[in-house]
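Here the structure comes first, spelled out in structure tokens, and everything after it is commentary.
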Amino acid sequence: MELSHEGGRIAYDDSGTAGPLLLCVPGIGMTRATYEPTGALFAAAGYRVVTMDLRGHGGSDAVWADYSPEAIGRDIVALLRHLDAGPAVLFTNSYTGASAVWAAAEAPELLRAVVLSAPFARVMPKPNALMRAAIWAVGRFRPLWMVYWASLYKTRKPATFRQERRALSANLAEPGRMAALRAMFAADVSVCVARLGEVRTPALVLMGTKDPDFPDPAAEARLVAGRVGGTVTMIDGAGHYPHSEFPAETAAAVSAFLGHHAVA
């Protein structure tokens, strides 16, 4: 399925069930396929699961000048309005944590809860010269991105890992895909960060205890949760993609959070 928006097309899958809406948004350099394990669990629990590709990724077009978290936040809001299925639970990962903040502040009526998994939802400390060089190289060379992506699973790979790796590598080889990824690396998140205090939607910060993208994952989770008035759940042994690496544990944590807040 596709949504025409701001001069391009956003690709998404819709389970089409009649249950409450769960919109899953992947992180940088990923496609909606990353949510297949967890999405299946939520679909079995009665949710209408919708997964979308970021602009420049997967089946979405790579035609935009703007790949910022705010732009993706606009895509999220546009898709939710297009689906017109009542307030949704929004599940984001990594880069799109800032997009969730923007969406929750901009259109709170569309959301009943947000899950920020491994979120980059604040302005991070400036990396040293070596790290800046590594980030430049990962964004420039597709094989390096694929190595980095695989390294973010710290305990186990999902059953579909090899299939997903082949598909992701092939997708990033298409024109404009790596340029979109580089644009995301360079994007300004401050517009979204400025709205952290506006979030009133119940929020769960979900973090793997072995997430290598943060020096102290638990401290990062507490910091972000404190700024959005949310709660923290740590997934023991998980890296940067808890929803893919530990789908059952992630689904259980999210279900417990939603139950606590009487979100069905």
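Here the structure is a predicted model, which is why all the values come from computation and not from measurement.
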Is there a donor-acceptor pair closer than 3.5 Å between any side-chain N or O of [X] and the backbone N or O of [Y]?
X      : Y      : answer
Thr160 : Gln163 : no
Ser99  : Ile72  : no
Thr250 : Pro242 : yes
Thr233 : Leu206 : no
Asp53  : Ala11  : no
Arg177 : Gly58  : yes
Ser255 : Ala251 : yes
Ser68  : Asp188 : no

Practice prompt. May I have the step-by-step check of salt bridge (charged side-chain N to carboxylate O under 4.0 Å, His left out) for Asp236 and Lys210, ending in yes or no?
Written response: CA-CA 8 Å; Asp236 189 39; Lys210 295 184 177 180; over 6 Å; no
Worksheet entry | Criterion side-chain contact (heavy atoms from CB on, under 4.5 Å) on Val77 and Trp102, from CA distance to verdict | CA-CA 9 Å; Val77 169; Trp102 189 91; 4.0 Å; yes
Going hydrophobic residue to hydrophobic residue with side-chain gaps under 4.5 angstrom, can you get from [X] over to [Y]?
X      : Y      : value
Val191 : Val189 : no
Ile10  : Val63  : yes
Met234 : Phe120 : yes
Leu223 : Leu116 : no
Val50  : Leu80  : yes

Item to complete: Flag yes if more than 12 heavy atoms outside His260 fall under 6.0 Å of its NE2 atom; otherwise flag no.
Response: no
Discussion item. Counting only heavy atoms not in Glu198 (residues, nucleotides, ligands), do more than 12 fall under 6.0 Å from its CD?
Written reply: yes
Are any of the side-chain heavy atoms of [X] and [Y] separated by less than 4.5 Å?
X      : Y      : answer
Leu204 : Val254 : yes
Arg140 : Met178 : no
Asp14  : Leu83  : yes
Leu79  : Tyr12  : yes
Leu54  : Ser60  : no
His57  : Met52  : no

Could you pull out the closest heavy-atom pair between [X] and [Y], with the gap in Å?
X      : Y      : answer
Phe161 : Ala150 : CZ-CB, 3.8 Å
Ala104 : Leu111 : CA-CD1, 3.7 Å
Leu90  : Val25  : CD1-CG2, 3.8 Å

Fill in: Residues Arg112, Thr201; criterion side-chain hydrogen bond (donor to acceptor under 3.5 Å, both in side chains); working and verdict
CA-CA 6 Å; Arg112 62 180 65 197; Thr201 306; over 6 Å; no
Worksheet item: Below 4.0 angstrom, N of the basic side chain to O of the carboxylate: do Glu6 and Arg55 qualify?
Response: yes
Fill in: Side-chain ion pair, Arg156 and Glu249, N-O less than 4.0 Å
yes
Worksheet item: Passes side-chain contact (heavy atoms from CB on, under 4.5 Å), Tyr95 versus Phe185? Steps please.
Response: CA-CA 9 Å; Tyr95 183 82; Phe185 278 155; over 6 Å; no
Item to complete: Kindly indicate, with the supporting measurements, whether the criterion salt bridge (charged side-chain N to carboxylate O under 4.0 Å, His left out) is fulfilled by Arg200 and Glu109.
Response: CA-CA 10 Å; Arg200 297 292 181 268; Glu109 73 281 2; over 6 Å; no
Fill in: Candidate pair Glu220 and Arg122, rule salt bridge (charged side-chain N to carboxylate O under 4.0 Å, His left out), full reasoning
CA-CA 10 Å; Glu220 184 68 25; Arg122 66 184 181 97; 2.8 Å; yes
Discussion item. With side-chain hydrogen bond (donor to acceptor under 3.5 Å, both in side chains) as the rule and sequence neighbours excluded, what pairs involving residues 238-247 come up?
Written reply: Thr34-His243, Ser94-His240, Tyr153-Ser244, Asp211-His240, Asp213-His240
Discussion item. Pair Asn93, Tyr35 - check side-chain contact (heavy atoms from CB on, under 4.5 Å), show working.
Written reply: CA-CA 10 Å; Asn93 175 246; Tyr35 282 109; 3.6 Å; yes
Discussion item. Walk me through whether Thr92 and Val115 qualify under side-chain contact (heavy atoms from CB on, under 4.5 Å).
Written reply: CA-CA 6 Å; Thr92 60; Val115 179; over 6 Å; no
